[in-house]
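Scroll down for the structure; my scribbles are underneath it.
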Amino acid sequence: MMMYPLNSPDQGIVQTVRSMLQELLGKKLADAVLVLASNPWSDVPMPTLFTDPDRMEGVDPLAPVAPVSSARQASALTRSPSGKTVVLVLRPCEIRALIELVKLNQCSLENAIIISMDCLGRMENKIFSDEAKTGPGITERFLSSPELQGKITTTCSTCNDFLPENADITLCTLGAEPGHMGFEALTDKGKALLESLGFKKGDDLPKRKQDIAALADKRSLSKKELFDATALQMSTIDGFQTFIGRCLNCYNCRTACPVCYCKECVFLTDVFAHPPELLLERATRRGAVKMPTDTSMFHLTRLSHIGHACVGCGQCSSVCPSDIQVADMFRTVSEKTQAFFNYTPGRDVTEPIPQLVVRNGKRGD
Amino acid sequence: MATRSGLEKWFPEFFEKHKAFTVFDLLVTYISSGRITLDKNLFTMKIAYHDPCNYGRKSEEKFGHGYYEEPRWILSQFVSNWVDLYPAGANGYCCGGGGGTMLTPYKEVRSHYSRKKIEQIKRVNPELIVLPCHSCHGQIKQALAENNMDIPVKYLWEIVAEALIMD
Amino acid sequence: MNEPTDTIKSHAPLRPSGIKPETCMACGTCSAGCPITGMEGFDPRKIVRMVLENRDQELIDSKLPWLCTMCGKCEHACPMGINIINIIRDIRGQVDRDKVPGQIHKGVELCLETGNNIGLPGEDFTFIIGDVAEEMAEEEGFEDFVPPIDKKGASLLHTLHNKLVNTQNEDLVHWWKIFHAAKEDFTMTSENWEGVNWGLFSGDDEAMKIIVGRIVDHMDTLRIEHLMYPE
Amino acid sequence: MNIHTVIAGAGISGIRAAFDLAELGHRVVLLDKAPSSGGILSQLDHQFPDNHCGMCTLLPMIDRDKGPQFCLRKGIFHDHVTFIPSAEIVSVKGPAGQLSVVVEKQHTGIDPLKCMACGSCESVCPVSVPDGFNEGYSTRKAVFLPVPHQIPNHRIIDFSVCTRCGECVKACPVSAINLDGEARKLEFNPVNAVILATGSGQYDPAQSDLYGFGVLPNVVTSKGLERIMSSSGPSKGQLFRPSDNKPIKRMAFLQCVGSRNLMENADHCSSVCCMFAVKEAVMACEKSHDDLTVSIFYMDMRTFGRDFQRYKDQAETSHGLRFIRCRVHSVEPCENTDGMKISYVNDKGMYMEETVDLVVLSTGKKTGLTHPDFYQNEGVFALSDTFDFKDIGESLVAADVAAGKAMALGGPPHTPEQRIFDTQRLSKKAMPLLVLCQCGNNLSNDLDLDLIESHLSAMPGAPQILKLEQACGAAGFESIGTALTSSQANRVVIAACNPFLFDHKIKALARDAQLPDGFFKTLDMRSHVTGKTKNEQTQSLLSQIKSTVNSLNLTLPVYREKRTVTPSALVVGGGPAGLSAAFCLASAGIDVDLLDKESQLGGNGIHFSPGPEKNSLDKLLSSVTNHPKIRVHPATCLTRHQGLAGVFTATITTPNAVEQKIPHGAAIVATGGGQAQTLDYCASQHNGILSVFDLAKGLGDKTLNPLDFSKVVMIQCAGTREEPRNYCSRICCTKALLNAIAIKEANPSASIHIFYRDMMSYGESEKIYTRARQAGILFIPFDLHKKPQVAVNNQTIHVTGFDPVLQEDVQLAPDLLVLSTGIVPTDNQIISKIFHINTTQDGFLKEANSKWRPVDSGREGIFVCGLARAPLGFQEAMDEGISAAMRALRILGRPFLETPQVTARVRHSLCSRCQACIPECPYQARYLDEENGKIMVDSVSCQGCGACASLCPNSSIMMGQFEEKGIMDSIEFFLNEACP
């Protein structure tokens, strides 16, 4: 472990990290930075791609909100070689999603530097927006207020993968006193970068281990409760149908999902463009058919298609206009799928995707 | 075996004047020609037959004919329940006393050898063992005794003699 | 367990002449099948190997050839048809006669000297035969049995195993009874009655020939037409 | 119809030869004495190294629409191959090219034209005999299916056990049984050639009294074990002991049963048994989840194939197989159990005894078979391995050689059928025609066809219906033809029984109607007769008809690429393999460019000493150099190779550095190999230490004199058959034996010791090994952990070894030490990159499949042979060259290559370019077109296997005729049936 302490009691953590990113661009250590930043057009910070350090005043990397998964933006930036070095500031779940996309040849980390953080979770857009309006410095307030931290999404409050893997640098907030946080270099690349920015190696954060353990315990407990409840709810076909009963086939969840990467979804092809006679035949068969049809098929298909890759970001639930807890369903099912294949999405870029493994004549064996 | 090969080797003219028979040839002749009649009710117990190497495998190799069928034919004439040991015939086991080893001081090796015969006998578990060889007779009797097995051993001609019906 | 009576399905292969021990491929069949492999260093494959390496004297000086029962089970399965028993007998034959262990050579010597392997004097023999015959004549159906000895012009010559004359007298009668019942005109001989020829085992061709020669003599002198082979 | 060749024996070699000729456009009659095809392989489900079957890999890959593409173990179906079961050639007369061949076809009791395969006959047959298919581990009737999975699945009558009770005759609903028929004679005249591929039999271990086979129920042959483990076997694939169906915990394989035995008149090695045993041992371990101890008793593990040693090592380490070097004397029963006792001598020279549950006898080939009297007639070609056991790959090569000889006798040039399609009719909306066969009213009790008719007429896109009394007869087909002419129908569904019967006819119908074959579908009505109520059965049939009609309606005409073939070949490498390939191609009228980087052709053959091998090479050399169709490019390098099968371009650099482009349709890579070097055993420290090949050369050209050597030591596998070069070089053992014999014959007083690990004198070269021993050469086996030690002190070579028989060290001071260092490939690193073909771990060019496609590279149109592919002998290399040429001729022998009906296509809008499909295509038919950023399919190489489609995470792959929409709709229809 290599800790580089941040001593910034005066200017606040957000400003410190912002300066660090600005310096990165200023010193030409990177060509661009993708990071959350507030902007005049939205009440929540959005991923923003910066090349000019002077434009970075709104940068807010730790803001407890993620209106869209930055993984998708990161993938768009690196899908083919640009020759530029890009710094990607990502949450742990976003990194995991990005790793999955790398495995599918959808992007590359060759020229990317990933900076991440201990993730204390994100709020839904509306809640964030409301809280932000109650006063300045929402991010700093969030970091120090257990009450605000209680307002994160269900997904985040039941996530125990809150430490980043596969980042070059991570910002450690757990186990630190406010104003005494630290950067940890996880790779040689990260170490070199921090050192060329003038950071000096220092002591480990004293309470870090114990804070991490405490949070992990808490999250695991609530995760188990959630998963048990969800599993019970969906334990029958009826239960499952009820769970997704309000689905309107808007495909928002699919759009928001960072690992749903198909160029053209099969649900948009002629396979599901049923002629009237087929719909009528289905209706005739059972006497009545709920419309729109194929909603179960849609969710089941997604579960089978990318269940192994679900990184548990919760975006699907956040964007559902019908308030279906898509993420709860996905995460509950995926946990089993992933355990079955002994597969952890986003863990290791060389870990093969079970569906693509042909071994001994049997797939994913 | 010794006599026959000796005659063939050194006294081939012997066969111009004389005819020679094995014990089996004689018994088969006596029985098939009716010169002797045998009591079929005397040997009803389970009898195991042992092939001596000299009459079987080695005769066959040396003289082109192994006496496998003849003793079995003789048995079939008056013994109702006889069985073979396994393996028998050309691949059968020696009693452990062949090759003059009965006359050597290596008794231990001999008993070690005969364990195979004992195993064979145990698998069949007969009430009587019949064989046509003096060495085998002695060795098998000894081996049975060493293994605390109380199974009588008789010569083939012995049971023939016992079953004779005298008119 | 099967108790098949049809287990004798094949026969010992005829050893083609001209197969030399060199053909051995050391496959181990012989040693795997020999029940005394490993006893006192006995191992048929090793013996063949030593012959190929011209280590005959080591073999002659060892007791290995005398442990073998010469049963031929090893040969029976030898895929190369090597006459392992011939090798054993050859080695035995090259051993100095005074170094032949146990009774084998002594028996041969006695036989050459006295006409039987146990050196039983003629009068003892006549007595034993007479005694056993008397006992037999007490049985029903054999009352008129008299043991024929040196009967000229008999049809069949019956030699005897020394064991029967020596320790197992009671077993003398079996053949007598059969001959009697079959009305066989047989005879034994008072001299050189031995039917067992240990020259075969000691590898002593010279002695073996003499002993076989005695049977030929009997047949000629007594004008006997048929011989029942001893062993 | 002109029959080009009659092939006797429909085992794997016969089938291969038949397909070879059929793919060249010739018509072939293939017959077998047995009532089924496939030979021994019909009984074997698994072949190493992958332990799968894979026989279908043998199906024609070019122009594969000439026959249905399904399991070849079910039967042989090809437009140009007529298979006649239960038939034998009885006479061959006339000159080659004009032969008259008389075939006798046995009367099998059942008329296949009438039989509906209902099985009523079998159910009433009172006879029960052991079933040969399951090696006697199950029973069958006198009327039976000889191979249960085969089609046509007509039963036959075994008249040797039939009691002629007549029950079957009474039970047959279609009067197809005749108990009194006689064998028929068929004459084929004129025929260009006859190929004999009648194969061998297995040694019958019941003739030996050693193993208890036939007496002890748990002694089985290796083939018997194969049946016991087969899922179509007596215990449905469970590994049970035959005597009591108990699981097996200890198993012993006894090698060389009936082989390597002078007493059985078998002075040969049966070549395949070692690997067969290892494979079966692995399968047995897998079946019992390694709760099994397997011991293999062997003399030499003959792992002489290129990748065999690693397979064996892998089996040893991952399943703990015990390899025990000792031949077992006999098998004995245990007391009171069904187990058996086996004794042996272990590597420490100790006598051991153990108990096993199953003894497997690795029985070798049968001896004493004789050739028919027409064997040596002109125009009759017997496979080189007619009576020998050979690995599948080698059998195929032998078949190619025989087919090559038959081909050389001429025949009509290949004129592929030109298909015309009625584009107007095809472009119209789908109009299906449904043919309903009433099967001569035989189905009226089981299926209500009227009901089906009325239901269908209400269906959207309803088919036109043609009801026929019997669809399968000539009249039936004529009616279908007429219906097609008189209507606008452009899709046809035939509902009848035995759909495979229609395959051939459908092609004729499709041709006449100018529709693609794929627009015709058959379905088996009889499969719906399941013993349920008539109504249920009718509903079930109806669903299938509806779904079939529907999916056919959705099937669209496939775009067919027509690729004009460049009718010339490129052969790289002018050694024995390359030369024979070039000559074979040129003899078939193909222009050949033959490249060699050396200025002199001949490869390793240039070192041959005078003898038959040299003569045969010299003859080949002069034929090649004088052939007008062959352009030799000496001292020339290949620098680039581009294109697809049929349209390749090579770039070569001539000696004077001029670049030249050579277009060609197929390429044969035969770049050869050479002897390996080793540093082991003081290899370069004394001039009395030579390699086996150098000694052979020296003895041949008389630069070495046998009289100079009084003490010779040879060490086999020097630096080879262990990592990193863990493969057998196949020829060193025989070479060493011949060297040793040559020295011993010239100098009888020389002592020769050969240290070996496993003597690889496979096949007939076993005789050389026997001869060497008889000459007085001493052989000492060694293990890797007890290698002989060599030291050179004061100009003297010292060899210390260990003799496991004597359990003693052996000290030798030879004046000649010969090392068998093995063979390595020469230029494969570069060559494999140029051709984009794979190499093995050891750098040999890797064939597509070592069993079924031994000389195909992974890429269609590129073939590999000779030492570049694997270590092998001179004759074997030449045979491989011919085999490669025959494979190339499939492409070069036709004017164009056409996309078959079922191939994969990429829907680029769905494809995410993840490229996962590229390495998974077993035919290397997929590639990334970097210019356009698209994944492409070479439609000629693609075999329509669907591996890509099932792998693609985006469902972007469409398989012709298996479109997702159609399949989803079929599911809908069946759901309709299942959840009404």
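Since the structure is predicted, the reported quantities are computational estimates derived from the model, not experimental observations. Chain identifiers are assigned alphabetically (A, B, ...) following the order of the sequence lines, protein sequences preceding nucleic acid strands; residue numbering begins at 1 within each chain. Only heavy atoms go into these numbers, but all of them, side chains included; no hydrogens, no water, no symmetry mates.
A donor-acceptor distance shorter than 3.5 angstrom exists from the side chain of B/Arg57 to the backbone of B/Gly92, with no hydrogens or angles considered.
Residue C/Arg223 holds its CZ atom at 12.5 Å from CD of C/Glu225, rounded to the nearest 0.5 Å. Annotation: the span from B/Ile47 atom CD1 to B/Leu131 atom CG amounts to 11.5 Å, rounded to 0.5 Å. To the nearest 0.5 Å, atoms OG1 (C/Thr167) and CD1 (C/Ile118) are separated by 8.0 Å. Rounded to the nearest 0.5 Å, atoms OH (B/Tyr67) and CG (B/Asp25) are 4.0 Å apart. From B/Phe24, atom CZ reaches atom CE of C/Met228 across 10.5 Å, with rounding to the nearest 0.5 Å. Distance NZ/C/Lys209 to CG/C/Asp204: 12.5 Å, rounded to 0.5 Å.
In this structure, the portion of C/Arg92 lying under 4.5 Å from any heavy atom of chain B is its side chain and not its backbone. In this structure, the portion of C/Trp198 lying under 4.5 Å from any heavy atom of chain B is its side chain and not its backbone. For C/Met208, the parts lying near chain B are the backbone and the side chain together; criterion is any non-hydrogen pair under 4.5 Å. Using a 4.5 Å cut-off between heavy atoms, C/Leu156 contacts chain B through its side chain alone, with no backbone atom that close. If you measure heavy-atom distances from C/Lys73 to chain B, the contacts under 4.5 Å come from both the backbone and the side chain. Using a 4.5 Å cut-off between heavy atoms, C/Ile215 touches chain B through its side chain atoms alone. For a residue to count as touching a neighbouring chain, one of its non-hydrogen atoms must lie under 4.5 Å from one of that chain's; by this rule C/Glu184 touches chain B with backbone and side chain alike. For a residue to count as touching a neighbouring chain, one of its non-hydrogen atoms must lie under 4.5 Å from one of that chain's; by this rule C/His161 touches chain B with the side chain only. Contact annotation for C/Phe42: neither backbone nor side-chain heavy atoms come within less than 4.5 Å of a heavy atom of chain B. Only the backbone of C/Ile224 has a heavy atom closer than 4.5 Å to any heavy atom of chain B. Both the backbone and the side chain of B/Leu7 come within less than 4.5 Å of a heavy atom in chain C. Both the backbone and the side chain of C/Asp205 come within less than 4.5 Å of a heavy atom in chain B.
Between B/Thr3 and C/Asn197, the side chains place no donor N or O within less than 3.5 Å of an acceptor N or O (distance only, hydrogens not considered). Using modelled atom types, one finds a donor on one side chain and an acceptor on the other under 3.5 Å when comparing B/Gln120 with B/Lys117. In summary, the side chains of B/Glu70 and B/His65 do present a donor paired with an acceptor at a separation below 3.5 Å, with no hydrogens or angles considered.
More than 12 heavy atoms of other shown residues, nucleotides or ligands fall within 6.0 angstrom of atom CD in B/Glu8.
Top candidate by heavy-atom pairs under 4.5 Å with chain B, chosen from C/Gln103, C/Met39, C/Met70, is C/Met39. Contact count versus chain B (heavy atoms, under 4.5 Å) is highest, among C/Glu140, C/Lys183, C/Lys177, C/Lys63, for C/Lys63. Of the listed residues C/Pro35, C/Gly33, C/Gly102, C/Ala181, the one with more heavy-atom pairs under 4.5 angstrom with chain B than any other is C/Pro35.
Remark: B/Arg4 is positioned above the aromatic ring of B/Phe63, its terminal NZ or CZ atom under 6.0 angstrom from the ring centre and at most 45 degrees off the axis.
Partners of B/Tyr93 under the ring-ring contact (aromatic ring centres under 6.0 Å, His included) rule, at least two apart in sequence or in another chain, do not exist in this structure. For C/Phe145, the ring-ring contact (aromatic ring centres under 6.0 Å, His included) criterion is met by C/Trp176, C/His180, not counting sequence neighbours.
The interface of residues 142-159 of chain B with chain C, defined by heavy-atom distances below 4.5 Å, comprises B/Tyr155, B/Trp157, B/Glu158. Using a 4.5 Å cut-off between non-hydrogen atoms, the part of residues 108-116 of chain B that approaches chain C consists of B/Glu108, B/Val109, B/His112, B/Tyr113, B/Arg115, B/Lys116.
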task: Would you sort out whether B/Asp84 and B/Arg72 count as a salt bridge (charged side-chain N to carboxylate O under 4.0 Å, His left out), showing the intermediate values?
output: CA-CA 9 Å; B/Asp84 264 316; B/Arg72 287 169 174 79; 2.6 Å; yes
